[in-house]
Structure formats: C-alpha cells, structure tokens
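Chain letters run A, B, ... following the sequence lines, proteins first and then strands; every chain starts at 1.
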Number of protein chains: 2
Amino acid sequence: MNIGQAASASGVSAKMIRYYEQVGLIASPARTEAGYRDYSPDEVHMLRFIRRARDLGFSVEQMTNLLALWSDRSRASGDVKRFAMAHVVELERKMRELHAMAETLRHLAKTCHGDERPNCPIIEELSSGHEAAPPKPRRSASRRYGAH
Amino acid sequence: MNIGQAASASGVSAKMIRYYEQVGLIASPARTEAGYRDYSPDEVHMLRFIRRARDLGFSVEQMTNLLALWSDRSRASGDVKRFAMAHVVELERKMRELHAMAETLRHLAKTCHGDERPNCPIIEELSSGHEAAPPKPRRSASRRYGAH
DNA sequence: CTTGACCTTCCAGTCACTGGAAACTCTATC
DNA sequence: GATAGAGTTTCCAGTGACTGGAAGGTCAAG
C-alpha cells in the first residue's frame, strides 16, 4: 500500500504521515524498489489509531505514550484510564478558560446597544476596565487560543 | 517610561511589546538618546487594552481590528458588538469541540475497569473503533488543541 | 511516447510567543 | 573614576502540528 492509499484508508493525510514519521511517532515503513513508502495493514491500523487519538485532542507526545500502552500487552488498564482521565481534566481546564472568556464578552456585549451610535461599553471596558477574562489564572501560564 | 516599566504597568511583557511592535500591532514608540524605547501614558494605556483583549482570546489580527474600532470615535457600537459576538460564537465552537472530546473519553473510560488487568476498552476502542470525537466536523478544517 | 497523477525530498511559512547571545547603557556603590 | 549588576538593544532560533510549494523521479493509461 503506498502512502496515498494508506492516507485515505486511515484518514491521516500523506503529509501528516510523513510528518509523523519524521518526528518519530511512527517507524519508517518498507520501501518499494522505486523508493515509495509501502505500508502493511498493521501500519494502516496504527495510523487509524493515531487519527482517533488526535481527534480526541492528544498531542504527538501523548500519542507516543498511547502507542506504547497500545502495544504493551501487559500494561494495567488502570494506566490507560489514568492517562485518559488526566487528558479529560486538561480538556476541561481549557473549556473553563474559553467559557470564562465567552462569559465576559457576552456580559460586556449585553450592555452595548449595538446600534449606530458610537458609545460602546465593550470598548470602554477593555480600555479602562478592571481585570479581564481568566476567572483567576492562579498559577498556570497556560496557552491561549487565538481565533482567526 | 522605558520598556520594563511599561511592561509592568500594562501586564504585557517586554518581549511581547517588542513582538507586537515588530508585527505592526503597535507603532514604534519614541526613543531616548541612547536608543531606549520611551512609552507615553497613552501608549501604556493601549498596551493595557491589548492585554485585556488578548485575555479574551483575540488574535493579533483581531486586536488590530479592535484597536481600529477603539480609536475610531465615529464607528457604530453595533460594529463592536458584532465583532465581539462573532468571537463568542467562535469560542463556543471550540468549547463544543473540547466538550465532545472529553465526553467521548469519559464514556470510554467508564467502561474500563482501571485495575491491574491488561484488558482495556479505551485502547480497544481507539484501536478498532468507529469514528471518534468531533460530533461531526461538517466542513471546517478547524484547529486542534494538543494538550502537552 | 506523452500526459497526468502519484511519489520523493527539502525548505519555508503559519501563530504568538519565548529563550538566549552579544553588545550597549544606566544606576549605585566603593 | 572604576566596577558590578540590572536593564536595554538587535538578531536568530525554537516551539507544535502541521501546510504549501518547488524540483524532480515513477507509474499506468491511452
């Protein structure tokens, strides 16, 4: 199976497959005489696993751990569960962050007439207001989400 | 006011201030004879505005628009409100995405014993399962959130 | 034999920063 | 006046997870 077929069979683009190989998430596959990558059914299976993990928001580094757990037949299911739940906690933290931003903005927008007049409490609050969104970023220098 | 003072007065680090200048979000400030950046109270005020906008999850590009709205005394408050609400919609889209991921993971984890035995439905589902998290990514090639 | 779809490698760009090096300036102390 | 330490300057490189594109090799169909 060449890379294009592996891509459509797994849902991971050819570009991404090469990238995952490059960063060491997956091993280099066999090559044809002409130098084309040649994927076995098992490797395509692994790519599908990777795609699903990525759809659940796991980073490449975390996927490395997941693949290790996957291929380790003797690991305890508790290890997997702990890993999954730690990720859930992280997802929820990000959700709360986004929620706080949205809440603040909705609150500001509620007091804005939204008409033709220039007077706008949203801008005024951003301009001179008190502290903004994150309810209270207590210790984490967390990543932010530029919407673009 | 030099850059360090402007940084602590605004909550935007010196590094970020230089970066924002470099990418054109803010204008180059005056310089002292020695070449040090010299910020006026108005510029520090603008930096605070920027920090609050960033805390609400606006990208640099969006902040450029916000600054334009800020300094345009004749713009309609409706323009600002529309801009803010579009961002809220985007934040909510991301929240739903994260929520779907967390839900899927929690669901998988619920069926996992989480003990010493190797049998683990989480891994099994990722390995051979049906479609994963995003409830149904209908058209957007949306950004994802690697938790690291 | 040519066309076009595929594959290969490599380099650059994205976004919003952060870290660090080398060199300069400022302020305080001795 | 010398010196130390903190602050500033520029510039370059790296982050994560890709995506785009150029230049060239390969394959199957007509």
*Might you point out which heavy atoms bring B:Ile26 and B:Ile17 nearest each other, and give the distance in Å?*
CD1-O, 3.7 Å
*Do the ring planes of B:Phe58 and B:Phe83 sit parallel (below 30°), tilted (30 to 60°) or perpendicular (above 60°)?*
parallel
*Rounded to the Å, how far apart are B:Asp38 CG and D:dG7 C1'?*
15 Å
*Between atom CD in B:Gln5 and atom P in C:dT25, what is the gap in whole Å?*
19 Å
*To the nearest angstrom, how far is B:Ile3 atom CD1 from C:dT25 atom C1'?*
15 Å
*asked:* Using the side-chain heavy atoms of A:Tyr36, tell me which of these nucleotides is nearest: D:dT8, C:dC7, D:dA17.
replied: C:dC7
*Could you tell me whether B:Arg37 contacts a base, only the sugar-phosphate backbone, or nothing, with contacts defined as non-hydrogen atoms closer than 4.0 Å?*
sugar-phosphate
*Do A:His87 and A:Leu91 come close enough that some side-chain heavy atom pair is under 4.5 Å?*
yes
*Atom pair distance, as rounded to whole Å: CD in A:Glu61 and P in D:dC18*: 14 Å
*Rounded off to whole Å, could you give me the CD-to-P distance for the A:Gln22 and D:dA17 pair?*
13 Å
*Write down the distance between CD1 (A:Ile17) and P (C:dT9), rounded to a whole number of angstrom.*
13 Å
*A:Arg18 side-chain N/O to C:dT8 phosphate OP1/OP2 under 4.0 Å*: yes
Mind listing the N/O atom pairs, protein and nucleotides 19-23 of chain D, below 3.5 Å?
| unit_1 | atom_1 | unit_2 | atom_2 | d |
| --- | --- | --- | --- | --- |
| D:dG20 | N7 | A:Lys15 | NZ | 3.1 |
| D:dG20 | O6 | A:Lys15 | NZ | 3.2 |
| D:dG21 | O6 | A:Lys15 | NZ | 2.4 |

_On the nucleotide D:dC18, are OP1 or OP2 found under 4.0 Å from the side-chain N or O atoms that A:Tyr20 carries?_
yes
*asked:* Check this one for me: any side-chain N or O of A:Arg54 less than 4.0 Å away from OP1 or OP2 of D:dG16?
replied: no
*Show your working on salt bridge (charged side-chain N to carboxylate O under 4.0 Å, His left out) between A:Asp79 and A:Arg82 and close with a plain yes or no.*
CA-CA 5 Å; A:Asp79 293 347; A:Arg82 261 189 301 283; 2.7 Å; yes
*How many Å lie between CZ on B:Phe58 and P on C:dA16, as a whole number?*
13 Å
*Quick one: pull up OG1 in B:Thr104 and CD1 in B:Ile122 and give me the separation to the nearest 0.5 Å.*
12.0 Å
*Could you please name the option among D:dC27, C:dC6, C:dT9 that lies closest to any side-chain atom of A:Asn2?*
C:dC6
*Length of the CD-P vector between B:Glu21 and D:dT8, whole Å*: 14 Å
*Charged N to carboxylate O under 4.0 angstrom, B:Glu97 versus B:Arg93?*
yes
_Verdict with reasoning, B:Arg106 to B:Glu103, per salt bridge (charged side-chain N to carboxylate O under 4.0 Å, His left out)_ = CA-CA 5 Å; B:Arg106 262 193 305 264; B:Glu103 270 300 288; 2.6 Å; yes
